[in-house]
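Written out below as structure tokens is the structure these notes cover.
Atoms considered below: every heavy atom in the structure, side chains included; atoms not considered: hydrogens, waters and symmetry mates.
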Amino acid sequence: MPCGGSIGTAAIGVTGGDTVADWLDELNPAQCEAVTHGDGPLLIVAGAGTGKTRTLACRVAHLIQEGVPPERILLLTFTRRAAAEMIHRCGHVTGRQTAGQVWGGTFHAVANRLLRVYGRALDLADGFTVLDQSDAADLMNLVRTELGFAKRKRRFARKSTLLSIYSRMVSADRPLEETLETHFPWCQDDAEPMRQIFEGYARRKRDGRLLDYDDLLLYWSALCVTPKVGEVVSGRFDHILVDEYQDTNPIQAEILRGMHRRCRNICVVGDDAQSIYSFRAATVRNILDFPKQFPGARTVTLEQNYRSIQPILAASNAVMEQARERYTKDLFSDRRSDQKPILMTCVDERGQCDVVCTLILEHLEQGIPLMNQAVLFRTGHHSAMLEVELSRRNIPFRKFGGLKFVEAAHIKDMLALLRVLENPFDEISWFRILLLLDGIGPRTAARIMDHLGVRQSPPASNGVDDVDANPVSPLQRLAVDPPTVPPASREHFGRLRTVLSECCGTRVNGKADNGKPRPKQRQQGLSLSTQVDRIRSFYEPIFERIYENPQIRLRDIDQLSQIAAGYRSRSRFLTDVTLDPPETTSDLAQAPFLEEDYLTLSTIHSAKGCEWTVVHIIHAADGMIPSDMAVGDEDGIEEERRLLYVAMTRAKDSLYVHFPLRYYHRRFDMGDGHGYAQRSRYLTDAVCALFEQRTAGVDDDLDLDEETTRAADPYGRVSRLWKA
DNA sequence: GGCATGTGTATTTTT
DNA sequence: TACACATGCC
């Protein structure tokens, strides 16, 4: 295999050739070694911007050209977008058709796919529902309420916290006490009630055919060690490749070990300096211990960075130099430049917004489209003020991270209605739907659900005729033998009955079509989009009563219908929407909008794996980066440092780090009290020396334009007199 | 008993 | 804004 000895900047993109040989010519020796590695485990330690994606895509193409059937290659990535991107690139060489047969996706999405096929081996009825985070939290809440914790002398952990604790415990595979002690010390007193809640939660999931995100992984792992099926599943692939391995958790590593039974060729790629998901129980141990866990593994290290100019890399490296543990790589770049990254000190957040907007427009005029520019921040709401300003100036943008479309209450309502059709035993969805109806609260909802047999917990079932091997579907029950409901809700309830019956093909007052009313039952007659329409006309009147500004929300529902229109299968639609939700509301924007040039706003977490010509990092103040929630322990502080490193290394040519001097603490009120911020602790003097320092909108800025004048704050000025 | 309404309180990152 | 909890009304 020919490997080009030297490479130039041409290696950044896929330029000429359309064979693997041409590609290999453009790779550096280390990349080439990784791509052409033969059989056996392979660890690729790849620093930021070292052409990791390219290498992985190229390896897949190489394997296919060597004769490995594409459908026997499994490519696990962090987001589905990343998988699609890689398979797309690989398609340049092998042809789209061929590349499209590669199994690609997140661990969760692949788990789902495998479980749909082999789940029966685990006693997992087909037609299971995947719970997203807030569904899971709702179920947690349901159990908590039921157990009735009368001891409310103190505030109990909120439902999302309960779920975090549970999830962390499960995905790190550590006992409750330890989890609480290390990560949730303020909840330690409630360990006992939590045990009961978790017990109930797990049981309810099992009984209701519900899998949360962690379950998808757990069940996949279990599949691997199941006697006969384990062989089949792990024997299904010749090669497994895993991207972003530093952000996998112990269960995911366990899955790989399980798959290793039959599949000898496991290849993982990652960078210990970029691990930023420990809150999800990800651990760098996975990558560090890989050679131990997979004996005979070969290790290849990629150190040449093709993305950033040297000064940006120098500043990024300087940030990491103070890390508690040193990292093994030494990144270097051939891309010389005299332009240092810029540290911009602003008066306050307002000033920061102004300068960011101004710089973005300047770069745009210099010919850098918005597509190649991004603004990164620590948490979703950090961009709130900037979003307003961008809109005011008509700068189009898309935001990644933060609140998602599917998390909106009204979207969840719609989905709940569809889910009940798909899986009539889905308790949370029933509960959600019933509470929408006037005059029905938790108690009545629970009574109705009992009547319908939504939760058929096996031991409690006293019925002789409906053994749980083949229980009567709650939907059948609803049609044939409706429960009594309070007068106030009679009308709404009747409409609910009608719409559900229409959609699932049962007849109100008719007889149950004998036999097997399993959740899997085919949609009889009504297409998915017709079902969505029906549900919608049922829901809209309720919706208009509940929500204050239905207009805006109504548009979301339109968009949901649009997405659904792209699907034939209801089940496929539902799982896709929970496993790979549209990232932003504008993801759903109509085609013409997508053509437009737009700026990217993103949380640093969501920016992983991406790159832009110009990058702005905002709120580089202590308390923001690092977030003051993370400064409790040293590990947290170290992780935030890596977070800043990840953010900085996204930039190719220009990096701006913005630091607002003053913050108003209007957390819950509109007071105008404020305090002065500290520069992020990671930006030490040594690091700052590698930046060009500028100020924006402060007193000595003689070039006052309208914006900066508006940013001036008389109160702030005088208050300095007594604030020293 | 059960539901609707009001009030006070927060901690981030995501499959 | 959303959620946990307390009170008031049927």
Check the distance between B:dT15's C1' and A:Leu163's CG and give it to me in whole angstrom.
12 Å
Once you round it to whole Å, what is the distance between P of B:dG2 and CG of A:Leu434?
15 Å
For A:Asp635, all residues meeting salt bridge (Lys or Arg N to Asp or Glu O under 4.0 Å), sequence neighbours excluded:
A:Arg324
Taken to the nearest whole Å, CG/A:Asn112 to P/B:dT15 is 15 Å
Under 4.0 angstrom, heavy atoms only, what part of the nucleic acid is A:Phe107 near: base, sugar-phosphate, or nothing?
nothing
Can you tell me the distance, in whole Å, between the NE2 atom of A:His382 and the P atom of B:dT12?
9 Å
Does a side-chain N or O of A:Arg158 approach OP1 or OP2 of B:dT11 to a distance below 4.0 Å, or not?
yes
From B:dT14, B:dT13, C:dA4, nucleotide with atom closest to A:Arg280 side chain:
B:dT14
Would you indicate what A:Ser627 reaches in the nucleic acid, counting non-hydrogen atoms under 4.0 angstrom: base, sugar-phosphate, or nothing?
base
A:Phe128 six-ring centre to A:Arg116 NZ/CZ under 6.0 Å and within 45° of normal
yes
Name the residue closer to the 5' end of DNA chain B, choosing between A:Thr379 and A:His108 according to the nucleotide with the nearest heavy atom.
A:Thr379
Quick check: A:His616 with A:Phe377 (ring centres under 6.0 Å apart)?
no
Minimum-distance nucleotide to A:Tyr213 side chain [options: B:dT15, C:dA4, B:dT12]:
B:dT15
Mind calculating the distance between CG (A:Asp628) and C1' (B:dA10) to the nearest angstrom?
13 Å
Taking any heavy-atom pair under 4.0 Å as a contact, classify A:Gln133: base, sugar-phosphate, or nothing.
base
Look at the side-chain N and O atoms of A:Thr603 and state whether any lies under 4.0 Å from the OP1 or OP2 oxygen of B:dT14.
yes
A:Phe279-B:dT13 aromatic stacking (under 5.5 Å, under 30°):
yes
Please tell me whether A:Phe78 and A:Tyr277 form a close aromatic pair, meaning their ring centres lie under 6.0 Å apart.
yes
Dump the pairs, protein N or O against N or O of nucleotides 3-5 of chain B, anything under 3.5 Å, distances to one decimal.
from	atom 1	to	atom 2	distance (Å)
B:dC3	OP1	A:Gly441	N	3.0
B:dC3	OP1	A:Thr444	N	3.0
B:dC3	OP1	A:Thr444	OG1	2.1
B:dC3	OP2	A:Arg443	N	3.3
B:dC3	O5'	A:Gly441	N	3.2
B:dA4	OP1	A:Gly439	N	3.0

B:dT15, C:dA4, B:dT13: which one has an atom nearest the side-chain heavy atoms of A:His605?
B:dT13
Could you check how far CG of A:Leu643 sits from P of B:dT13, rounded to whole Å?
11 Å
Where the side chain of A:Asn141 is concerned, which of B:dT11, C:dA4, B:dT13 is the nearest nucleotide?
C:dA4
Mind calculating the distance between CZ (A:Phe184) and C1' (B:dT12) to the nearest angstrom?
12 Å
Taking only side-chain nitrogens and oxygens of A:Ser606, does any of them come within less than 4.0 Å of OP1 or OP2 of B:dT14?
yes
Do the ring centers of A:His658 and A:His619 come within less than 6.0 Å of each other?
no
Give a yes-or-no answer on whether the side chains of A:Arg642 and A:Gln274 include a donor-acceptor pair shorter than 3.5 Å.
no
What's the CG-P distance between A:Leu162 and C:dA2, to the nearest Å?
20 Å
Might you point out which heavy atoms bring A:Met414 and A:Tyr539 nearest each other, and give the distance in Å?
SD-CD2, 3.5 Å
Aromatic plane relationship, A:Tyr201 with A:Tyr166 - under 30° parallel, 30 to 60° tilted, over 60° perpendicular:
perpendicular
